[in-house]
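Before any comments, here is the structure.
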Amino acid sequence: MAYLLSSLIFVPLVAALVLLVLPSKKTGLLKYVALGATLLELSLSLLLFFQVQNTTGGVVGQSFQFQEKYDWIALQLGSLGQLKIYYWLGVDGLNVALILLTGIIAVIGILSSWRIHQSLKGYLSLYLLLLGSVMGCFVAMDLFLFYLFFEFMLLPMYFLIGMWGGPRREYAAIKFFLYTLVGSVLILLAFIGLYASVMDPAATAVQQGLPAGAQGIQQVQTLLQNGQLTSAQVVHAFNIPDMLDARNFIPGSILHAASGISIFGLSARMVAFLALFLGFFIKLPGVPFHTWLPDAHVEAPTPISVILASILLKVGGYGLFRIAFPVFPAEAAEMSWLIGLLGVISILYGGACALAMSDLKKLIAYSSVSHMGFVLLGLAALTPEAWNGALFQLFSHGLISGMLFLIAGVIYDRMHNRDIHRFRGLAMVAPVFTTFVVIAFFASLGLPGFSGFIAELLVLLGAFGSKAGGGFLPRWMALAAAIGLVLSAAYYLWTLQRMFFGRFWLSPDLPKSFTDLTKREMLMLLPLALLILLFGLFPALLLDKSGATVAEYLKIFQPVAPTSLLLP
């Protein structure tokens with residue numbers, strides 16, 4: 001248990017190295033090694049999920065659970081002080097569900113990859129490298145470490161799309177890479193500003209010979225704010241928890257609240273927040289920076305579409321929860337009206353585009369854009385219901401979108417076509433498959449009893465009561481977002497009607513028969529369906545993990561002056 005979080009990162013990475021030394025011709029062995037690694041990853045994720053307690057973590061006393069913190073890099077920078085970078089991992093209510101989601105989807109993705117034969121060793125090695133990088137993002141509590149894992153995700157996904165994708169795979173891979181790289185550069189600039197502006201109070205206290213623990217930290221914070229510490233006496237670090245305390249910001253530094261430094265007419269803190277927000281917003285993605293997603297999904301092989309929709313997009317949402325909003329609470333609150341509006345636009349625009357799609361995979365991709373809009377709306381509401389709902393949406397959408405892309409993959413494997421207009425009456429010949437389609441479609445459109453309903457209901461409740469609960473969103477935003485539920489029902493029910501009901505018919509240029517699910521396909525879809533039902537009927541399984549942490553994080557946010565131009 002002492003190295004549980006490190007195991008989550010290094011199990012897939014070590015497995016990837018093992019695959020590289022195995023003979024390429026042993027395809028069966030390669031697959032089972034990868035499957036074994038992901039099953040171990042799932043087991044560790046489950047163990048962690050059930051062991052994590054419902055306590056405040058990550059804010060008060062920096063009390064992350066299963067914490068691993070070790071000195072990694074230390075440099076003496078003369079008049080600039082000392083640089084320290086930690087190997088720091090931790091878990092609390094913000095990331096425990098996403099860790100579990102990653103473990104679940106890891107196994108599903110390997111099962112979905114069973115029919116891939118081209119350069120199998122390279123494919124599986126990249127897949128496991130991607131898995132370890134995503135897990136690293138979710139557990140890292142040092143910004144430098146987080147950024148390393150965030151960047152490591154780029155290369156495996158680029159090659160997995162560019163080498164194993166469809167006819168336009170090079171275009172889709174390059175577009176994905178460039179969009180994400182722009183977001184990464186924005187995030188890096190904000191991280192550099194934070195490093196230059198924040199003191200590591202524990203390390204600085206030790207350096208000054210003060211008592212260890214809370215007493216020493218309080219003393220060194222008082223010295224810093226009174227101007228009794230020079231730059232050479234301060235230890236700089238990338239610790240996320242230290243950035244949540246305004247007393248750790250160095251007076252006169254670029255991101256100190258009272259520095260008065262402006263960039264392009266905005267305060268330096270607002271520019272840093274916007275850089276972080278845009279970087280993670282592109283990854284989420286939200287309108288208008290969403291265009292890379294449909295192209296990536298259409299060209300990516302089915303397992304990679306599952307990974308992309310289920311866990312990679314969630315890194316963007318998690319970054320907003322963990323870093324952007326709590327590190328810059330006043331700026332986040334001031335921009336909340338605009339962020340909520342972007343969420344509503346993403347919900348409605350994504351739903352309208354999905355309604356217009358004839359390619360099933362594109363329809364699902366645009367539905368992902370729409371459903372990620374609920375995460376933005378929940379974040380902007382700044383209420384416990386909305387934040388818990390947005391976290392629940394990240395987890396729920398990971399399960400549902402994974403199931404939806406598997407469904408699209410089943411059709412493509414048989415027909416090598418995903419055009420909705422080329423199929424009729426599939427329920428007549430594939431009733432088991434149709435049952436799973438109905439579950440996935442109804443879960444995604446928010447039918448009660450499924451996990452999607454709980455997530456979107458909490459977000460809408462929190463957004464509707466935002467002003468009463470200390471937030472700034474007007475009620476019309478919640479009402480407008482509810483229209484997105486109507487759009488979801490429209491495109492899913494219309495697709496269900498066109499493809500699965502009525503008399504069986506296939507376009508003349510397609511194969512003449514359509515077989516029902518194989519055992520392997522059942523093994524992929526059944527666990528996801530059961531989990532979607534489980535968390536829809538018993539949402540407390542997740543909400544009990546996040547509630548205390550969310551309540552503690554929301555205490556960080558301070559009221560914004562009513563004269564702000566961004567708060568009508």
Side-chain angles (χ1 to χ4, degrees), residues 137 143 146-147 150-151 178-198 238 240 243-244 246 249 253-292 313 315-346 349 369 372-373 375-382 386-387 390 466 471-473 477 553 556-568:
C137 278
L143 285 185
F146 175 90
Y147 191 75
F150 191 81
E151 287 296 281
L178 291 177
Y179 268 79
T180 308
L181 184 62
V182 169
S184 297
V185 170
L186 292 172
I187 292 170
L188 178 61
L189 292 174
F191 283 4
I192 292 172
L194 284 167
Y195 158 76
S197 304
V198 178
F238 290 89
I240 296 174
M243 296 173 181
L244 307 187
F249 279 81
S253 63
I254 186 171
L255 294 182
H256 189 270
S259 68
I261 299 174
S262 63
I263 303 173
F264 305 121
L266 296 172
S267 71
R269 285 182 63 86
M270 180 60 77
V271 171
F273 169 75
L274 291 175
L276 282 176
F277 174 76
L278 287 174
F280 292 124
F281 183 67
I282 291 169
K283 192 77 172 180
L284 193 60
V287 176
F289 302 113
H290 66 287
T291 58
W292 65 267
L313 303 188
V315 175
Y318 174 72
L320 294 174
F321 272 106
R322 176 66 74 192
I323 304 170
F325 269 62
V327 172
F328 297 100
E331 291 73 23
E334 185 174 346
M335 294 295 292
S336 62
W337 192 90
L338 180 59
I339 294 169
L341 180 62
L342 287 172
V344 172
I345 291 172
S346 294
Y349 181 82
V369 173
M372 287 298 96
V375 176
L376 288 174
L377 183 65
L379 271 163
L382 297 177
W387 267 47
S466 177
F472 305 97
L473 298 189
M477 284 192 183
Y553 265 77
I556 300 174
F557 293 88
Q558 300 297 322
V560 176
T563 54
S564 171
L565 297 177
L566 296 174
L567 294 173

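Computed from a predicted structure; not experimentally measured.
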For residues G378 and A390, report the shortest heavy-atom separation together with the two atoms involved. CA-CB, 4.2 Å
Run the side chain to side chain contact (heavy atoms under 4.5 Å, CB included) test against F289 and tell me which residues pass, sequence neighbours left out. L278, F281, I282
For the CZ atom of F472 and the CE atom of M477, what is their distance to the nearest 0.5 Å? 12.5 Å
Close side-chain approach of V375 to L379, heavy-atom, < 4.5 Å: yes
For a 4.5 angstrom cut-off between non-hydrogen side-chain atoms, does L342 reach F277? yes
Tell me, do E334 and M270 make a side-chain contact under 4.5 Å, heavy atoms counted? yes
Residues that I261 engages under side chain to side chain contact (heavy atoms under 4.5 Å, CB included), provided they are two or more places apart: I254, S259, A268
If you look at every heavy atom in P329 and I556, which pair is closest and at what distance? CG-CG2, 3.6 Å
Does any non-hydrogen side-chain atom of V327 lie less than 4.5 Å from one of L244? yes
Provide the full list of salt bridge (charged side-chain N to carboxylate O under 4.0 Å, His left out) pairs with a residue in residues 260-288, sequence neighbours left out, each pair given once. R269-E331
With sequence neighbours excluded, tell me which residues meet side chain to side chain contact (heavy atoms under 4.5 Å, CB included) with S184. Y147, F150, E151, L154, T180
Minimum-distance pair of heavy atoms, taken over all atoms of P326 and F557: N-CZ, 4.3 Å
Least distance between heavy atoms, S346 atom then V287 atom: OG-N, 3.1 Å
Rounded to the nearest 0.5 Å, how far apart are CG of L377 and OG of S336? 10.5 Å
Sub-4.5 Å side-chain heavy-atom contact between L274 and F264: no
If a pair satisfies salt bridge (charged side-chain N to carboxylate O under 4.0 Å, His left out) and one of its residues is in residues 179-198, list it, with sequence neighbours excluded. none
Exercise answer: donor-acceptor pairs, residues 187-198 side-chain atoms, under 3.5 Å, sequence neighbours excluded:
from	atom 1	to	atom 2	distance (Å)
S197	OG	G193	O	2.8
S197	OG	L255	N	3.2

Within the 4.5 Å heavy-atom criterion, are S466 and L382 side-chain neighbours or not? no
One should read off an interatomic distance between F325 CZ and Y553 OH, to the nearest 0.5 angstrom, of 13.5 Å
Got a second to check how far R322's CZ is from L143's CG, nearest 0.5 Å? 11.0 Å
Mutual orientation of the aromatic rings belonging to Y318 and F146 [parallel < 30°, tilted 30-60°, perpendicular > 60°]: tilted
